[in-house]
Amino acid sequence: MYYRFTRNFIVVLIFASFSFLVSCGDDQEGPGSPIVGTWNYSTLDFDGTINGKPIRTFLTEDLGMNPIEAQATEAFIIASITQEAGLANSTVEFNSDGSYIIRENGVQQDQGTYILQNANTELILTSSNGTEQFLVKELSANRLVVSTTGEEVQDLDEDGEDDTVEFTMDVTFVK
């Protein structure tokens with residue numbers, strides 16, 4: 001059951017991470033905006049709950065793992081999400097004309113337009129993949145932190161009842 005849970009959980013979060021990667025990263029307000037320029041991926045911070053419980057609590061209380069197993073499983077899940085998000089070696093270029101380009105290892109992955117609004121606290125990206133909205137937690141001359149939240153429903157522990165996974169991902173970029 002441990003293996004199936006981990007595999008199912010990772011599949012759910014990889015889907016969410018992929019959705020985030022394809023749609024995130026770009027914003028622009030104008031020629032003088034601090035967002036204009038090329039931003040390099042720095043870190044991804046992930047926080048999640050399952051059925052309203054922290055991941056580690058769910059693993060111990062609902063799956064019966066001991067604290068050491070739960071800690072290792074949680075670390076594995078977070079490391080897998082970070083790796084599968086594919087943000088390493090990614091850049092986002094925000095242009096003064098309101099366009100953006102996301103590249104991974106120099107290869108273009110997405111492009112579209114962006115709007116930075118609400119006193120630089122909201123970033124909206126629009127591309128052929130749709131429109132995504134992000135909370136801008138920090139925007140300075142050399143640091144950009146954007147946040148996204150999501151929810152997935154799936155029977156992770158295969159008990160016949162759906163489990164609700166809620167998560168927040170904060171992605172930091174630097175110039």
Side-chain angles (χ1 to χ4, degrees), residues 6 8-50 52 54-55 74-154 164-175:
T6 302
N8 289 342
F9 186 70
I10 289 171
V11 167
V12 167
L13 292 175
I14 287 171
F15 172 76
S17 298
F18 177 75
S19 171
F20 175 74
L21 173 64
V22 167
S23 63
C24 96
D26 305 308
D27 185 292
Q28 178 178 337
E29 185 175 78
S33 174
I35 200 158
V36 173
T38 300
W39 296 88
N40 300 295
Y41 166 75
S42 178
T43 61
L44 180 142
D45 292 319
F46 175 85
D47 185 37
T49 62
I50 303 173
I55 295 169
E74 179 183 43
F76 173 77
I77 290 168
I78 293 171
S80 296
I81 291 165
T82 301
Q83 181 179 4
E84 291 299 322
L87 293 171
N89 302 312
S90 292
T91 62
V92 179
E93 180 181 333
F94 294 104
N95 300 304
S96 61
D97 66 357
S99 65
Y100 74 87
I101 300 171
I102 296 176
R103 291 183 177 90
E104 183 179 337
N105 293 316
V107 177
Q108 183 174 315
Q109 300 296 313
D110 192 28
Q111 68 179 16
T113 59
Y114 72 90
I115 298 170
L116 185 60
Q117 60 187 23
N118 293 335
N120 295 343
T121 62
E122 182 180 15
L123 175 62
I124 300 172
L125 305 177
T126 303
S127 72
S128 61
N129 297 314
T131 299
E132 294 288 330
Q133 182 175 334
F134 301 92
L135 172 66
V136 177
K137 289 185 145 183
E138 182 180 341
L139 175 58
S140 67
N142 60 2
R143 185 174 157 92
L144 170 64
V145 181
V146 295
S147 182
T148 188
T149 59
E151 180 179 295
E152 299 289 333
V153 177
Q154 183 176 341
T164 302
V165 178
E166 296 177 306
F167 61 91
T168 300
M169 289 190 289
D170 293 345
V171 182
T172 302
F173 297 91
V174 295
K175 277 189 182 175

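It should be emphasised that the depicted structure is a prediction, and the values quoted were computed from it without experimental measurement.
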Only one of Val145, Ile124, Val146 clears side-chain contact (heavy atoms from CB on, under 4.5 Å) with Phe134; which? Val146
Identify, with sequence neighbours excluded, every residue that meets side-chain contact (heavy atoms from CB on, under 4.5 Å) alongside Ser128. none
Using 0.5 Å steps for rounding, measure from the CG atom of Asp45 to the CE atom of Met169. 11.0 Å
Minimum-distance pair of heavy atoms, taken over all atoms of Phe46 and Ile78: CD2-CG1, 3.9 Å
Asn89: side chain to side chain donor-acceptor pair (under 3.5 Å) partners, not counting sequence neighbours: Asn105
Roughly how far apart are Thr38 OG1 and Ile101 CD1, rounded to 0.5 Å? 8.5 Å
Between Val165 and Gln154, is there a side-chain heavy-atom distance shorter than 4.5 Å? no
Nearest 0.5 angstrom please: Ile55 CD1 to Phe167 CZ, how far? 10.5 Å
Set of residues satisfying side chain to side chain donor-acceptor pair (under 3.5 Å) with respect to Glu138, sequence neighbours excluded: Arg143
Taking C-beta and beyond as the side chain, do Thr168 and Asp170 meet within less than 4.5 Å on heavy atoms? yes
Using every non-hydrogen atom in the two residues, find where Asp97 and Ser99 come nearest and quote the distance to one decimal. OD1-OG, 2.6 Å
Which residues share a side chain to side chain donor-acceptor pair (under 3.5 Å) with Glu151, sequence neighbours left out: none
Could you measure the distance from the OG atom of Ser90 to the CG atom of Asp110? Nearest 0.5 Å is fine. 11.5 Å
Contacts of Thr121 that satisfy side-chain contact (heavy atoms from CB on, under 4.5 Å) - sequence neighbours left out: Asn118
Restricting to side chain to side chain donor-acceptor pair (under 3.5 Å), what partner residues turn up for Lys175, sequence neighbours left out? none
Partner set under side-chain contact (heavy atoms from CB on, under 4.5 Å) for Leu139, not counting sequence neighbours: Pro34, Ile35, Trp39, Leu116, Asn120, Val136, Leu144
So Val153 and Thr164, do their side chains get closer than 4.5 Å, heavy atoms only? yes
Quick check for you: to the nearest 0.5 Å, what is the distance between Ile50 atom CD1 and Glu152 atom CD? 12.0 Å
Side chain to side chain contact (heavy atoms under 4.5 Å, CB included), that's the test. Do Val171 and Leu44 meet it? Break it down for me. CA-CA 5 Å; Val171 182; Leu44 180 142; 4.1 Å; yes
Value for CG (Leu135) from OG1 (Thr149), rounded to nearest 0.5 Å, stands at 9.0 Å
